[in-house]
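A quick write-up on the structure given underneath.
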Amino acid sequence: MIISKPFLKVEQIQQRVKELAGRISRDYEGKEILAVGILKGAFMFFADIVRTIQVPMTIDFLIVSSYAKTESTGEIIIRSDLKEDIKGRDIILIEDIVDTGYTLSHLREMLLARQPASLKICAFLDKRPRRKVEVPLDYIGFEIPDEYIVGYGLDYENRFRNLPYIAIFKESV
Ligand code: IMP
């Protein structure tokens with residue numbers, strides 16, 4: 001197993017989080033947000049961005065996973081649903097990475113059916129070359145190439161989530 005040197009350094013991540021939080025704060029001035037973190041991957045990005053956003057908010061979490069055998073259909077399982085009623089509220093979904101797009105596209109449909117006032121998506125990383133379904137992303141941290149990455153909340157078999165930076169993961173040389 002090989003982990004590259006930082007692909008995105010701590011300082012780059014912090015700078016970008018600050019910029020995104022600034023945009024979100026301006027866009028939602030005078031409103032109250034319900035920030036929804038998608039676990040586990042988004043936990044670090046979520047914690048960083050919510051404490052930098054300057055508008056009132058409540059927070060909630062979704063725990064999701066995908067069926068390993070159904071990558072082609074992208075079926076996902078809701079392990080733990082929201083505790084908040086989102087009807088009529090301004091929601092920002094906070095995700096770690098968009099790969100095929102299946103997870104966010106499924107969650108978006110599910111949440112829109114609950115009739116929020118608005119629903120925007122903030123994704124830290126966008127692995128655009130891998131996209132299978134289009135999903136509208138309102139705030140993107142970084143576009144990255146088709147590499148498997150770990151750190152800053154993202155894992156390989158549940159490891160490396162604690163790295164404070166993003167690194168490229170290779171199984172062997
Ligand atoms: P999607 O449904 O294919 O867009 O996949 C989204 C989920 O797959 C993310 O929330 C991650 O948990 C996981 N994922 C996709 N690419 C990577 C990666 O490069 N490293 C770690 N996890 C990834």
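Counting convention: from 1, in listed order, for ligands and their atoms alike.
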Atom indices of ligand 1 within 4.0 angstrom of Tyr148 heavy atoms, with elements | 17 (C), 18 (C), 19 (O), 20 (N), 21 (C), 22 (N)
What are the atoms of ligand 1, with element, lying closer than 4.0 Å to any heavy atom of Asp155?
-> 21 (C)
Contact atoms of ligand 1, heavy-atom distance to Glu147 under 4.0 Å | 19 (O)
Pairs satisfying salt bridge (charged side-chain N to carboxylate O under 4.0 Å, His left out), at least one member in residues 109-125, at least two apart | Asp81-Arg114
Name the orientation class of the two ring planes belonging to Phe124 and Phe142 (parallel below 30°, tilted from 30 to 60°, perpendicular beyond 60°).
-> perpendicular
4.0 Å heavy-atom contact, Lys40 with ligand 1 | no
Under 3.5 Å, side chain of Lys127 to main-chain N/O of Glu147, donor-acceptor pair present?
-> yes
Sort and list the pairs that fulfil side-chain hydrogen bond (donor to acceptor under 3.5 Å, both in side chains) and have at least one residue in residues 54-63, not counting sequence neighbours.
-> Thr58-Arg89
Heavy atom under 4.0 Å from ligand 1: found in Leu154's side chain, backbone, both, or neither?
-> side chain
Looking only at distance, does Val98 have an N or O less than 3.5 Å from an N or O of ligand 1?
-> no
Within the distance-only criterion (no hydrogens, no angle test), does the side chain of Arg79 pair as donor or acceptor with the backbone N or O of Ile63 below 3.5 angstrom?
-> no
Is any NZ, NE, NH1 or NH2 atom of the basic residue among Asp99 and Lys132 found under 4.0 Å from an Asp or Glu carboxylate oxygen of the other?
-> no
For Thr103, atoms of ligand 1 separated by under 4.0 Å from a heavy atom = 1 (P), 2 (O), 5 (O), 6 (C)
Backbone N/O of Asp155 and side chain of Arg159: donor-acceptor pair under 3.5 Å = no
For ligand 1, note which part of Glu95 has a heavy atom under 4.0 Å away: side chain, backbone, both or neither.
-> side chain
Evaluating non-hydrogen atoms only, which member of Ser105, Ala123, Gly101, Gly151 is closest to atom 4 (O) of ligand 1?
-> Gly101
Contact atoms of ligand 1, heavy-atom distance to Lys127 under 4.0 Å | 16 (N), 17 (C), 18 (C), 19 (O)
Would you please test Gln15 and Glu19 for side-chain hydrogen bond (donor to acceptor under 3.5 Å, both in side chains) and show each step?
-> CA-CA 6 Å; Gln15 177 59 32; Glu19 287 165 10; 3.0 Å; yes
Identify, by atom number and element, the atoms of ligand 1 in contact range of Asp96, meaning under 4.0 Å from any of its heavy atoms.
-> 9 (C), 10 (O), 11 (C), 12 (O)
